[in-house]
Amino acid sequence: MAQKRAMTAAELVPGVMSQIDAIKATYGEWDVHPSLHVDPERVQSVFTELAERLDDNFPFFHPQYAGQMLKPPHPVAIAAYTATMMLNPNNHSIDGGRATTMMEREVLDQLVAMFGYSKDYLGHLTWSGTTANLEALWIAREIRPNKSIAHSKDSHYTHSRMGEVLGVPTIGIPTDERGRMDLGALETILRTGRIGTIVATLGTTGLGAVDPLADIIPLAKAYDVRVHVDTAYGGFFALIPDELDAEAARHYAAIPLSDSIVVDPHKHGLQPYGCGAVLFNDQSIIEYYKHDSPYTYFASTDRHFGEIQLECSRAGASAAALWATLQVFPLTRDGLGEVIAPGRRAAKMWHSLVSDSEILRPYQEPELDIFAYLPRVESMSELDRVSHAIFEMAADTTRPQQTHLATYVVSEPKLAIRGIDLRDDAASARIMRSVLMKPEHEPLIPEMHQHVEMWSERAITRERAREATQEPVKAQAPDTN
Ligand SMILES: *Cc1c(COP(=O)(O)O)cnc(C)c1O
């Protein structure tokens with residue numbers, strides 16, 4: 001095998017584009033209609049302006065960007081997507097996307113194998129985790145009519161919102177000191193008989209917390225309730241149980257016992273946006289999808305994705321990009337697992353550095369690759385001001401020196417259950433949150449930690465100086481009941 005090396009999209013795209021042009025040429029030439037002609041100079045100037053405008057972005061691609069869940073797709077995905085988009089297949093029907101429908105089936109089989117679902121699953125790619133969750137909750141409503149959905153209070157806001165869309169009441173279950181669904185509180189609600197479906201989040205969007213799925217499953221069985229696993233962010237951590245704490249690994253191992261799963265290849269699967277997936281552990285749910293459409297062109301009698309999905313048109317290019325990516329990075333420990341594991345180790349390493357810091361302290365221990373931490377300050381209001389100042393100061397320097405972080409809003413009780421006692425002079429405060437989702441983060445953590453400590457020290461000093469000069473005005477501020 002040839003030596004592996006970094007490849008760029010610029011290197012890959014022209015070659016695969018000319019392969020697509022060659023396919024097109026086999027059908028004979030035709031003239032592009034004059035209405036579609038463009039002025040090359042005009043196009044050049046538009047592209048110049050496009051590049052200038054795109055310069056206004058945080059550098060998601062760079063290891064020094066350790067803020068939100070953002071990173072670019074792999075060049076293999078970019079090239080495969082671009083090439084396929086030239087033909088623009090639509091995976092709504094087999095006729096709309098013959099080759100890409102087959103590719104989608106292959107990637108779904110691979111996702112199903114990663115999670116340990118049975119081969120008799122039903123599922124498909126989606127445009128997003130949101131639509132994937134909507135679909136899972138819609139099926140849940142059909143199977144458990146007139147019942148409510150329970151999700152943790154730290155779950156993605158999409159669950160309560162989609163409950164509104166579907167006309168299904170949703171109930172937020174409190175979380176424990178690691179941001180996980182509280183089993184006692186869940187059982188109390190289950191005893192009322194109101195719940196039809198539990199949503200377990202494996203990898204919450206805020207903290208990367210892992211709900212106790214292995215313990216939720218027997219409860220769900222006892223109360224005859226469905227279990228939907230939202231692992232839009234965390235799904236691919238199923239590849240690296242060896243890097244997870246035993247407890248988190250135990251909950252990942254329970255995924256095969258759930259009724260449905262959502263995972264977002266556009267988060268940790270190296271894909272461009274527009275690639276989520278929903279999987280059901282039971283094909284009999286197909287009855288809920290019945291529809292009649294005079295528009296659809298079903299030349300093939302095989303099953304079309306349009307027959308088993310809420311969305312209609314859907315990019316075949318997404319399936320092709322994921323297919324190509326998984327050919328190069330298979331869903332194994334040695335394949336994509338090697339891309340996921342460094343971020344998890346980076347979060348552990350940063351947690352241990354922050355645990356020993358005199359300036360910073362951890363909010364909680366990370367379970368995946370999301371790490372939340374805060375400056376050591378006295379009060380809620382000071383915490384909020386200092387966190388925001390760290391966020392701004394770390395990014396406010398020359399580009400190569402910048403560190404990009406994110407903030408996360410917490411309440412005083414949430415800090416208190418984690419043993420962090422601050423003067424309660426504000427209802428909520430921002431803390432720091434870093435999503436370490438790029439493998440390049442791992443070697444950078446010691447330096448990043450040093451930078452963040454330095455900025456934190458300066459932010460604390462600056463905010464205290466500011467506070468001192470503003471004392472007479474500020475003294476009245478907290479007086480608000
Ligand atoms: C990102 C995310 C969603 C929403 O998915 P989109 O792809 O952004 O629509 C839902 N649940 C969880 C846990 C997520 O992390």
Side-chain angles (χ1 to χ4, degrees), residues 60 67-73 77 81 107 111 115 123-140 149-166 170 172-173 175 178-181 197-213 216 227-238 248 251-252 255 258 260-279 309-311 314-315 318-319 321-322 340 343-344 347 366-372 406 408-409 433-437:
F60 313 128
Q68 310 283 3
M69 276 172 191
L70 291 159
K71 69 171 185 180
Y81 197 103
V107 299
L111 289 171
F115 289 122
H124 56 86
L125 298 180
T126 61
W127 283 111
S128 71
T130 303
T131 46
N133 275 307
L134 170 63
E135 192 159 325
L137 297 185
W138 166 60
I139 293 293
I149 295 168
H151 54 81
S152 98
K153 284 192 170 163
D154 280 9
S155 72
H156 199 281
Y157 65 83
T158 192
H159 298 292
S160 56
R161 180 182 276 179
M162 289 308 161
E164 284 175 31
V165 171
L166 293 165
T170 56
I173 309 292
T175 51
R178 295 280 296 270
R180 302 169 296 204
M181 183 184 280
T197 301
I198 304 166
V199 176
T201 306
L202 267 56
T204 56
T205 317
L207 299 168
V210 176
D211 280 344
L213 182 64
I216 289 172
V227 178
H228 169 59
V229 173
D230 180 4
T231 192
Y233 183 75
F236 294 100
F237 286 82
H251 300 311
Y252 270 90
I255 291 179
S258 66
S260 52
I261 308 174
V262 163
V263 62
D264 264 354
H266 70 204
K267 280 188 179 141
H268 251 308
L270 305 175
Q271 299 307 296
Y273 285 120
C275 193
V278 62
L279 305 167
Q309 65 183 19
L310 281 184
E311 295 158 330
R314 196 157 52 67
S318 285
L322 184 56
I340 309 287
R344 164 70 190 139
E367 288 189 76
L368 303 181
D369 59 358
I370 302 174
F371 179 44
Y408 177 71
V409 179
R433 166 174 169 268
S434 282
V435 180
L436 303 168
M437 70 188 306

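Throughout, numbering of the chain's residues begins at 1 and tracks the sequence. Every number for a ligand or one of its atoms is a count from 1 in the order of the listing.
Taking the six-membered ring for Trp and the full ring otherwise, the centers of Tyr233 and His156 sit at least 6.0 Å from each other.
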Considering only N or O atoms, set out every pair between ligand 1 and the protein closer than 3.5 Å, with distances to one decimal place.
residue	atom	partner	partner atom	Å
ligand 1	5 (O)	Asp264	OD2	3.3
ligand 1	7 (O)	Gly129	N	2.8
ligand 1	7 (O)	Asp264	OD2	2.6
ligand 1	7 (O)	His266	NE2	2.8
ligand 1	9 (O)	Gly129	N	3.4
ligand 1	9 (O)	Thr130	N	2.9
ligand 1	9 (O)	Thr130	OG1	2.5
ligand 1	11 (N)	Asp230	OD1	3.3
ligand 1	11 (N)	Asp230	OD2	2.7
ligand 1	15 (O)	Thr205	OG1	2.9
ligand 1	15 (O)	Lys267	NZ	2.8

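Using a 3.5 Å distance cut-off with no hydrogens or angles, the side chains of His159 and Asp230 do pair a donor with an acceptor. Using modelled atom types and a 3.5 Å distance limit, the side chains of Glu311 and Thr131 yield a donor-acceptor pair.
The side chain to side chain donor-acceptor pair (under 3.5 Å) search around Thr231 returns none, not counting sequence neighbours. Partners of Ser434 by side chain to side chain donor-acceptor pair (under 3.5 Å), not counting sequence neighbours, listed by chain and number: Tyr373. With sequence neighbours excluded, no residue forms a side chain to side chain donor-acceptor pair (under 3.5 Å) with Glu367.
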